[in-house]
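Inspection log for the structure reproduced underneath, given as structure tokens.
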Amino acid sequence: AFLLPLANTGGELSCSRTDLLPHQILLTHDVVALPRRRLLIADEVGLGKTIETGMVIRELVARGEAERVLVVAPAGLIRNWQRELEECFGLHFDILGIDFTDTNPQVWETHPRVIASIDRLKQPRRKERLATTRWDLLVFDEAHHLSRTRAGGKLNTTQNYRLAEEMRGHTRDLLFLSATPHQGDPFQFWSLLQLLDDS
């Protein structure tokens with residue numbers, strides 16, 4: 001954190017409209033420094049995963065590395081995401097189903113920063129419309145809902161997991177956010193990590 005004044009030559013972080021904490025600054029620095037950003041951010045509840053993600057997005061936008069960003073969140077959190085990104089970082093995001101509709105598939109190309117509820121995106125017709133859309137950064141909030149479990153010889157895969165599985169190939173960077181990523185099931189946790197990197 002003591003390097004912030006040196007690394008903050010353009011005021012990108014100090015001009016933020018929120019009080020930044022050292023762990024948030026360090027995480028942002030580490031994430032943007034990586035050549036391949038496919039990560040699970042698993043801070044506990046209340047430690048500011050939304051703020052950290054906003055800082056990462058703001059820095060990548062400033063570097064010209066994030067023109068197209070999609071944030072996927074539970075329906076009850078999409079307004080909160082829009083408000084925090086706008087108020088804290090001056091980043092305007094359109095909400096699918098509120099600010100625009102995608103009855104015309106080409107509309108995705110005219111909305112470079114989007115927030116969408118996971119329930120809207122996992123509809124089969126919408127997945128088809130998204131199939132040709134590329135993103136620089138894709139964020140899944142509450143990523144523990146992307147679950148795949150194994151009971152005996154049977155594999156149970158949720159629609160949320162299938163959505164992430166299909167979309168991970170349409171983005172360069174992929175961030176999963178969760179305060180409870182493990183859920184006490186090693187296979188489920190391994191499956192979540194495999195979504196990020198199956199190499």
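Just so you know, these numbers use all the heavy atoms, side chains as well, and skip hydrogens, waters and symmetry mates.
- Taken from OG1 in Thr101 to CG in Leu96, the straight-line distance is 8.0 Å, to the nearest 0.5 Å.
- The hydrophobic clustering, which links ILVMFWY residues whose side-chain heavy atoms are closer than 4.5 Å, places Val72 and Ile98 apart.
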For side chain to side chain contact (heavy atoms under 4.5 Å, CB included), just list the numbers for Asn80 and Glu84, CA-CA rounded to whole Å, side-chain angles, deciding distance to a tenth of an Å, and then say yes or no. CA-CA 6 Å; Asn80 182 59; Glu84 287 202 30; 3.4 Å; yes

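- One finds the NE2 atom of His29 at 9.0 Å from the CD atom of Glu59 (value rounded to the nearest 0.5 Å).
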CA sep, side-chain torsions, deciding dist, call: Ile95, Arg79, side chain to side chain contact (heavy atoms under 4.5 Å, CB included): CA-CA 8 Å; Ile95 296 176; Arg79 289 278 197 190; 4.2 Å; yes

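- Between Phe89 and Ile51, the closest side-chain pair of non-hydrogen atoms falls below 4.5 Å.
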Stepwise, does the side chain to side chain contact (heavy atoms under 4.5 Å, CB included) test hold for Trp108 with Val114? CA-CA 9 Å; Trp108 284 102; Val114 177; 3.8 Å; yes

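- Using a 4.5 Å cut-off on side-chain heavy atoms (C-beta onward), Arg113 and Ile57 make no contact.
- Separating the CG atom in Leu40 from the NE2 atom in His182 is a distance of 11.0 Å, to the nearest 0.5 Å.
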Audit row: His145, Asn160, side chain to side chain donor-acceptor pair (under 3.5 Å) steps and yes/no: CA-CA 7 Å; His145 293 299; Asn160 292 352; 5.4 Å; no

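- Cluster annotation: Leu155 is connected to Trp190 through the hydrophobic network of ILVMFWY side chains, with a link wherever side-chain heavy atoms come within less than 4.5 Å.
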Table please: side-chain donor-acceptor pairs of residues 134-143 below 3.5 Å, with sequence neighbours left out.
unit_1	atom_1	unit_2	atom_2	d
Arg134	NH1	Gly169	O	2.6
Asp136	OD2	Glu67	N	2.7
Asp136	OD2	Arg68	N	2.8
Asp141	OD2	Trp81	NE1	2.9
Glu142	OE1	His144	NE2	3.3

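- When atom types are taken as modelled, the side chain of Arg37 and the backbone of Val31 share a donor-acceptor pair closer than 3.5 angstrom.
- Nearest heavy atom pair, residue Leu121 against residue Arg126, reads CD2-CD, 3.9 Å.
- Across every non-hydrogen atom of Gly90 and Arg58, the tightest pair is O-NH2, 3.6 Å.
- Summarising the geometry, atom CE belonging to Met55 is positioned 8.0 Å from atom CG belonging to Leu27; distances are rounded to the nearest 0.5 Å.
- The closest side-chain heavy-atom distance from Met167 to Thr171 is not below 4.5 Å.
- Looking at Leu91 and Val69, their side chains never come closer than 4.5 Å, going by heavy atoms from C-beta outward.
- Of the residues listed (Glu165, Gln194, Gln188), the one engaging Arg148 in a side-chain hydrogen bond (donor to acceptor under 3.5 Å, both in side chains) is Gln194, and it is the only one.
- With a 6.0 Å cutoff to the six-membered ring centre and a 45° limit on the axis angle, Arg150 counts as a cation-pi contact of Phe187.
- Within the 4.5 Å cutoff, the side chain of Leu195 has no heavy atoms near those of the Leu174 side chain.
- Between the CG atom of Asp30 and the CD atom of Glu52 there is a distance of 11.0 Å, given to the nearest 0.5 Å.
- Residues Thr103 and Pro105 come closest through the heavy atom pair O-CD, 3.5 Å.
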Using the rule given for side chain to side chain contact (heavy atoms under 4.5 Å, CB included), can you reason through His111 versus Asp102, listing the C-alpha separation, both sets of side-chain angles and the distance that settles it, and then say yes or no? CA-CA 10 Å; His111 292 272; Asp102 65 343; over 6 Å; no

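- Looking at Leu34 and Asp173, their side chains never come closer than 4.5 Å, going by heavy atoms from C-beta outward.
- In the hydrophobic clustering of ILVMFWY residues, with side-chain heavy atoms under 4.5 Å counting as a link, Val71 and Leu146 come out apart.
- Note that NZ of Lys122 is 13.0 Å distant from CZ of Arg120, once rounded to the nearest 0.5 Å.
- Distance alone, capped at 3.5 Å, is enough to place a donor-acceptor pair between the Arg38 side chain and the Arg168 backbone.
- Scanning both residues, Ala42 and Pro181, for their nearest heavy atoms gives CB-CG, 3.8 Å.
- Under the 4.5 Å side-chain contact rule for hydrophobic residues, Leu130 and Phe93 do not share a cluster.
- Side-chain contact check for Asp197 versus Arg36: some heavy-atom pair is nearer than 4.5 Å.
- Using a 4.0 Å cut-off between charged side-chain N and carboxylate O, Glu166 and Arg162 make no salt bridge.
- A continuous path of hydrophobic side-chain contacts links Leu60 to Leu85 [ILVMFWY only; heavy atoms under 4.5 Å].
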